[in-house]
Amino acid sequence: MNQFTFLGREKMVLMFFMALGAICLAATYFVEPATMVVMNHGHEETVSTHHMRFWSNFLQNAVFFLGMSFTAMFGYCAFITAYGGWFTGMKRLWEAYALWMGVGLVMMLVLIAGVWMHWHHLYHWNAHGITDINDPHYDEIIAGKAPFLNKYWYTFATLICVGVYVFITMRIRSLSIAEDSAQKGDYTFHNKMRNWMAAFLPWGAFTSAILIWQWMMSIDAHWYSTMYAWNVTASFFVGLLSMTVLMLIYLKSRGYFVYVTENHMHDIGKYLFGFSVFWTYTWFSQYMLIWYSNNGEETIYFLTRRDQYPILFYGNLIINFALPFLILIRNSSKRKFGTIGLVAGITFFGHWFDMFYLIKPGALINIAGSNDAATALGSVAGYALPGLLELGTFLGFTAMFIYFTFSKLSEAALAPTNDPYIGESVTHHVI
Amino acid sequence: MEGHKDVLYGLYDDEDVLMDAITKAQKDHLDIHDVFTPFPVHGLDEVMGLSESRLHIAGFVYGALGTLTAFLFMSWVFTRDWPIIFGGKPYWSVPAFIPITFELTVLFSCVGMVVTYYTVCGMGPGADNPTLDDRITDDKFCIAFNVSNSSKDEIESLRGFLTKSGAEETNIKTI
């Protein structure tokens, strides 16, 4: 079966979860109280929440799935540029993931519009008068970062960087499909693809860091870490690999991808294992350097998260490091679909949970106005832990992502029969 | 040291012919002493019916031992034996121990696996490992049978099997 058919039954189930996600996301807009009473500098103050729970949920999911599709494209380009052939059998799956970047860009446009129209207050650097020295809200640190953290650059960088990703992805996709009907042994399409990919790699590598800094790290506008972008990219990549494992298991159960065997799963498993460790490595490097140097404005970031959000802080490490590390360390556990499927399920949720950990505490601080005020609030629904509405939103976005993937899969043959590396992929053998 | 043994071996030119020969030998219930190849051949251990190596289990145990050694030793030094305050941190500052714990985990598991591997395989300095044929390390693939206690007929039938399955030449060597 070389042509994927998107069953009506699947559409129904996915539609149901998308509707559920939409309801949950909409609910977060309305259930959050419009104001909160916080203690600021010793006196009570009423602050507006600006529907922060809704916007931070939207940002978390939009960025997570956009990042996953970015790493799908990045991994695809890296494999082809490095003359890798083993994954060719499943490359249509990663192409379908990569095309999601177009949808992700639309979601980012909503957030950009929010920045301009002040619909949301995710970013403290966007607050009124914050860079004006004569304004009572003047913040010297943020004013110093204003050349990078401003709405013009936020808009421009997002549009240009993601726009180029989407453009190159669509070029590569059309070349890849055109290759299917090319003559046997005609490598011109492959060579053209390789050129586009060689261009994508440096562009994607540098700009993804900029985007992650401004989309996510600038929520905590006072704090910065150069390791952050690496850490988040690793998170995206593990999320993508987990999604790939689960999707392949499902599609194989429907009779597709027969040539993707436990040998390919073994290799994806190695990536899953390796990048879980890499994620932990960057996480810990970032943490330890800041812990050791003990500079007040940097340490406060981790201190808040460790003391106020212990479940997010330690749970993150257990789910995303300890479990995949200990379960996947054996060779055979990467080859058994049940075991690797279990790990993939854990890490897919785990890296979404990581996004939650990265975004929510900072979002609450932005509502409260200061670190101390946020601390005094204690645990607030939707910020301390992923609640049911957050989980519903996550399911909705996942269903939407799968729906998109399935509809893109049904647009082209599943096996790229004219790809020069397809033979290498079919005969791939690990042990 | 074990006593000397007589080994009948056949040399093959191609790994695919070798694989077919091994499969055939397994079907005929011939007791292969060993197979030698100039490079690792994929799927060979599967065809030969070898069980999965347990070296990695040893590696995990050594690694865990390294983790414990490093972590417990540093904990003991910095809390009991010689407590010093570094940079205003508590005596027992776990994050600072992690890089060294990691290094010792890697060191223990690597060195341990090398020593185990060499010991189990009887290799290493001073070990006497005669080669059946120098060309096995270059371009020939070899199936060897232990024929120390075999009769002449048995040897001839094994030799016949080797030739029939594609061996370029067959020899008997005492090692």
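Sequence lines set the chain letters: A, B, ... in the order given, protein chains first and strands last, and positions in each chain run from 1. Values reported hereafter were calculated over all heavy atoms of this structure, with side chains retained and with hydrogens, waters and symmetry mates removed.
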> Considering all heavy atoms of both residues, which atom of A:Val430 and which atom of B:His42 are nearest to each other, and what is their separation?
Replying inline: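 Closest approach of A:Val430 to B:His42, heavy atoms only: O-CE1, 3.2 Å.
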
> Any side-chain heavy atom of B:Pro95 sitting closer than 4.5 Å to one from A:Tyr287?
Replying inline: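 Counting from C-beta outward, B:Pro95 and A:Tyr287 do come under 4.5 Å.
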
> Hey, are the side chains of B:His56 and A:Ile329 touching, using non-hydrogen atoms and a 4.5 Å cut-off?
Replying inline: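 A side-chain contact is absent here, since even the closest heavy-atom pair is not under 4.5 Å.
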
> So what's closer than 4.5 Å to chain A heavy atoms on B:Leu44: side chain, backbone, both or neither?
Replying inline: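 Neither; nothing under 4.5 Å.
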
>> If you count heavy-atom pairs within less than 4.5 Å of chain A, which of B:Gly87, B:Gly88, B:Pro99 leads?
In response: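 Top option by heavy-atom pairs under 4.5 Å: B:Pro99.
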
Exceeds 12 heavy-atom contacts within 6.0 angstrom, atom [atom1] of [X]:
X        : atom1 : value
B:Phe60  : CZ    : no
B:Asp31  : CG    : no
A:Phe79  : CZ    : yes
B:Glu46  : CD    : no
B:Asn149 : CG    : no
A:Phe313 : CZ    : yes

> What is the distance from atom OG of B:Ser93 to atom CH2 of A:Trp291, rounded to the nearest 0.5 Å?
Replying inline: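 Between atom OG of B:Ser93 and atom CH2 of A:Trp291 there are 4.0 Å.
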
> When rounded to the nearest 0.5 angstrom, what distance separates OG1 in A:Thr280 from CZ in B:Phe102?
Replying inline: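 That separation rounds to 11.0 Å.
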
